[in-house]
Amino acid sequence: MAALERGGADIVELGVPFSDPIADGPVIMRASERALAAGTTVEKVLETARQIREHSSIPIVLFTYLNPVMRYGFERLARRAKEVGIDGFLLTDLSVEEAAGFVSAVRAEGLDTVFLVAPTSTDRRLELVAQYCSGFVYVVSRTGVTGVQQQVSSSVRPLVERLRHFTQLPLGVGFGIANADQAAEVGSVADGVVVGSAFVRAIETTPPDQLFDTMERMARDLKQGALRGRG
Amino acid sequence: MLNVPDSGGHFGPYGGRYVPEVLMSPLDELEQAYHAARADESFQAELADLLKNYAGRPTPLFHAERLSRKLGGGKIYFKREDLLHTGAHKINNALGQALLARRMGKKRIIAETGAGQHGVATATACALLGLQCRVYMGEEDMRRQRLNVFRMRLCGAEVVGVTNGSRTLKDAISEAMRDWVTNVNTTYYLLGSALGAHPYPLMVRDFHRCIGEEARQQLLEREGRLPTMAIACVGGGSNAIGLFHAFIGDASVQLIGVEAGGRGKKTGDHAARFSGGAPGVLHGAYSYLLQNEDGQVALTHSISAGLDYALIGPEHAHLHDLGRAEYVDCDDATALAAAVELSRMEGLIPAMESSHAVAEAIRRAPMTAPDDILLVNLSGRGDKDIDIYRENLKELDSDSPQPAF
């Protein structure tokens, strides 16, 4: 975490693994399996957040699927998240139509709720989803599961432009972004670049003694790319 | 009770639409297309024609006299969905949704399958309508349902083995959803049970409602009265909701769903969601879910691949909470014994899934009065399960003299 922050990350997503991650590709699926096999729970991820907070003020977004959160209890989780210093939530499979109870529990603690928009979202839905968002809006760059790809989807620019009509919030674009050039391309239209699978893959494949340096370098490259894109 | 789901797909608190945003607009489109098709007489006429002349509807209602007499209670009637083309009720829904997909202009169909019956029905419907078909199936299920894997391929479908998780139905649905998320613009997801995000539980129920509607009519003609009870097995719950729906308004008819009791009461050894689970969200719907205390979905076990799933269809959760339907479970050994009994007494070899409903009828019949009627949905035939029967009934598979019956 410290390595990411040194590399220039502005926000960190902390994941709680779920047994059936339907929106994730192979890299995050394998990471979820490893994390579950190691006994990771909502409680343990909260404890990780608390430890990060001891020496960092970087904003933390807890991201997972709905069921572990529902099981833990919305109010209980929002309260505990506030205590340990988590700033917001992102639940992959929670549609805004079903989100009223969750959003009110989280907002009651003054924390943010981030929802996703996708290239398939109609204007009506962009407006609706934006109303449920605080902090930032997560723009999914393409139809598909998480994972790196060669090129940034051509659907990003029109989607971001459509969404700007409905919100003043910062827009972060994710799914499939892995290198500085892609970050630059996204940076030219959006306010933030979200990178997940590329880091998780690095964690999976890098020898432990080189991991922190690798993470820091990746973060720095991506940040410079994004800033270059903004011009 | 009959006025469900609401416009958001909720059956009481259950059901709904819990999916990634990328699927929300496509689900809206699907819902609109379905409502338009439902109101379109030419769509209904084409479906009715296929159900009659291709699939073999209406299916007979059979009075199992020898079995009823032996058990000494009421009359047991079997709704013969096992006689349908492809061997189970699944073809009702596969034909309906495949016609809908064609109407929506989708040329590529994906589906999940557990026992393989939905996969075979989908492959069949796609062959009939000239649609491209890919079926996701857990590798464990491919192993135990070899025959159905071959049937799907013979009909031109591509069968993709899923190696994640428990390698059963749950993992096949997850993989189908990943495909759909990726190819949603060109692809129709032909979901095979009364599960998933709205409008699937509604749509699948509607395509199977003919089961109960026919049986109700047939019983009124034959007996001049309604059944005392209607019994069906419940995995996701499509054959059960199809049977139950015509009787929900008839307060005198007991509705009994039979879940897979597996090999024991321990989590991981069964698929009894009501006795072992708690409400949760999986694959787009909120319903009773087998899960651990951290909200991770539990593994399940059943001798029948089609009942081996962690979540029960949301309308069943609603009927359960209202007390309108009762849900019990039946273990592997009891289901197997019921299959043997039905084969010997009536010459009907049931699918392993349907054997769970048969077992419940055998258990209850002696406690009923002679003028009671037990209506049982024989949702599928046992051809696909011959390997499982052979494995478990080794004495029948040797050529040494058999004990006289």
Side-chain angles (χ1 to χ4, degrees), chain A residues 16-26 29-30 32-33 35-36 39-45 64-73 91-99 115-126 128-129 137-147 155 175, chain B residues 6-10 13 15-29 163-166 170-187 196-198 277-287 289-299 310-311:
Chain A
V16 176
F18 181 52
S19 51
D20 298 84
I22 54 158
D24 284 301
M29 279 166 67
R30 285 198 301 273
S32 303
E33 281 173 22
L36 285 173
T40 308
T41 61
V42 170
E43 198 59 57
K44 286 181 179 172
V45 174
T64 182
Y65 288 78
L66 177 59
N67 202 56
V69 166
M70 191 179 258
R71 186 73 178 186
Y72 193 89
L91 301 181
T92 311
D93 58 343
L94 178 61
S95 64
V96 294
E97 277 82 349
E98 307 287 354
F115 286 88
L116 301 96
V117 298
T120 51
S121 304
T122 57
D123 282 356
R124 187 190 70 78
R125 291 203 60 80
L126 293 182
L128 183 67
V129 173
V137 182
Y138 191 129
V139 179
V140 175
S141 72
R142 55 174 158 85
T143 59
V145 293
T146 56
S155 48
F175 277 48
Chain B
D6 69 10
S7 62
H10 301 97
R17 197 177 268 177
Y18 296 86
V19 292
E21 172 62 24
V22 66
L23 295 179
M24 290 300 287
S25 291
L27 284 165
D28 279 338
E29 266 171 56
T163 58
N164 308 318
S166 56
K170 168 174 89 87
D171 311 289
I173 296 179
S174 290
E175 208 53 33
M177 287 185 80
R178 289 186 188 104
D179 182 319
W180 200 35
V181 162
T182 307
N183 303 298
V184 65
N185 293 321
T186 59
T187 298
H198 179 60
V281 168
L282 179 65
H283 295 143
Y286 178 59
S287 187
L289 173 66
L290 288 166
Q291 54 182 315
N292 71 13
E293 60 188 17
D294 299 315
Q296 305 297 339
V297 178
L299 297 184
L311 186 105

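Excluded from the calculations below are hydrogen atoms, water molecules and symmetry mates; all remaining heavy atoms, backbone and side chain alike, are included. Being a predicted model, the structure only gives us computed values, none of them experimental.
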- Message: So that I can tick it off, tell me whether B/Asp294 and A/Arg71 are bridged by a salt bridge, with the cut-off set at under 4.0 angstrom between side-chain N and carboxylate O.
- Response: no
- Message: Treating A/Asn67 as the side-chain partner and B/Gly280 as the backbone partner, does any N or O pair qualify as donor plus acceptor under 3.5 Å?
- Response: no
- Task: Determine, step by step, whether A/Thr120 and B/Asn185 satisfy the side-chain contact (heavy atoms from CB on, under 4.5 Å) criterion, reporting the C-alpha distance in whole Å, the side-chain angles of both residues, the deciding distance to 0.1 Å, and the verdict.
- Result: CA-CA 8 Å; A/Thr120 51; B/Asn185 293 321; 4.1 Å; yes
- Query: Under 4.0 Å between a Lys/Arg side-chain N and an Asp/Glu carboxylate O for A/Arg125 and B/Glu21?
  - Reply: yes
- CG on B/Asn292 to OG on A/Ser19, rounded to 0.5 Å: 7.5 Å
- Message: For the CE atom of B/Met24 and the CG atom of A/Leu116, what is their distance to the nearest 0.5 Å?
- Response: 12.0 Å
- Query: Should A/Glu98 and B/His10 be marked as a side-chain hydrogen bond (donor to acceptor under 3.5 Å, both in side chains) after you check the CA-CA gap, both sets of side-chain angles, and the distance that decides it?
  - Reply: CA-CA 10 Å; A/Glu98 307 287 354; B/His10 301 97; 2.9 Å; yes
- Okay, A/Pro119 and chain B: the region with an atom under 4.5 Å from a heavy atom over there is neither
- Among A/Val42, A/Thr143, A/Leu66, which has the most heavy-atom pairs under 4.5 Å with chain B? A/Thr143
- Query: What residue, out of A/Pro17, A/Ala118, A/Gly144, A/Ser121, has the most heavy-atom pairs lying under 4.5 Å from chain B?
  - Reply: A/Gly144
- Task: Give a yes or no on whether the backbone of A/Ile22 and the side-chain of B/Ser174 come within a donor-acceptor separation of less than 3.5 Å.
- Result: no
- Task: Hey, could you give me the CG/CG distance between A/Asp20 and B/Asn164, rounded to the nearest 0.5 Å?
- Result: 9.5 Å
- Would you mind checking which part of B/Val184 comes under 4.5 Å of any heavy atom in chain A, side chain (CB onward), backbone (N, CA, C, O), both or neither? side chain
- Residue part contacting chain B, namely of A/Val96, when any heavy atom lies under 4.5 Å: neither
- Query: Can you tell me how far the CG atom of A/Asp24 sits from the CZ atom of B/Arg178, to the nearest 0.5 Å?
  - Reply: 7.5 Å
- Query: Using non-hydrogen atoms only, which part of B/Pro20 is less than 4.5 Å away from chain A: side chain, backbone, both, or neither?
  - Reply: both
- Item | Separation of B/Tyr18 OH from A/Leu91 CG (nearest 0.5 Å) | 11.5 Å
- Item | Pairs of heavy atoms under 4.5 Å with chain B: top-ranked of A/Val16, A/Leu36, A/Val69 | A/Leu36
- Query: What part of A/Phe18 gets closer than 4.5 Å to chain B, counting heavy atoms only: side chain, backbone, both or neither?
  - Reply: both
- Query: In Å, rounded to the nearest 0.5 Å, how long is the span from CG of A/Asp93 to CZ of B/Arg17?
  - Reply: 14.5 Å
- Query: Who among A/Gly25, A/Ala23, A/Ser95, A/Ala99 has the most heavy-atom pairs with chain B under 4.5 Å?
  - Reply: A/Ser95
- Task: Decide side-chain contact (heavy atoms from CB on, under 4.5 Å) for A/Arg124 and B/Asp28; before the verdict, give the C-alpha distance in whole Å, the side-chain angles of both, and the deciding distance to 0.1 Å.
- Result: CA-CA 12 Å; A/Arg124 187 190 70 78; B/Asp28 279 338; 3.4 Å; yes
- Item | chain A contact via B/Leu289 - side chain, backbone, both or neither, heavy atoms under 4.5 Å | side chain
- Below 4.5 Å from any heavy atom of chain B, which atoms of A/Val145 appear? Answer side chain, backbone, both or neither. both
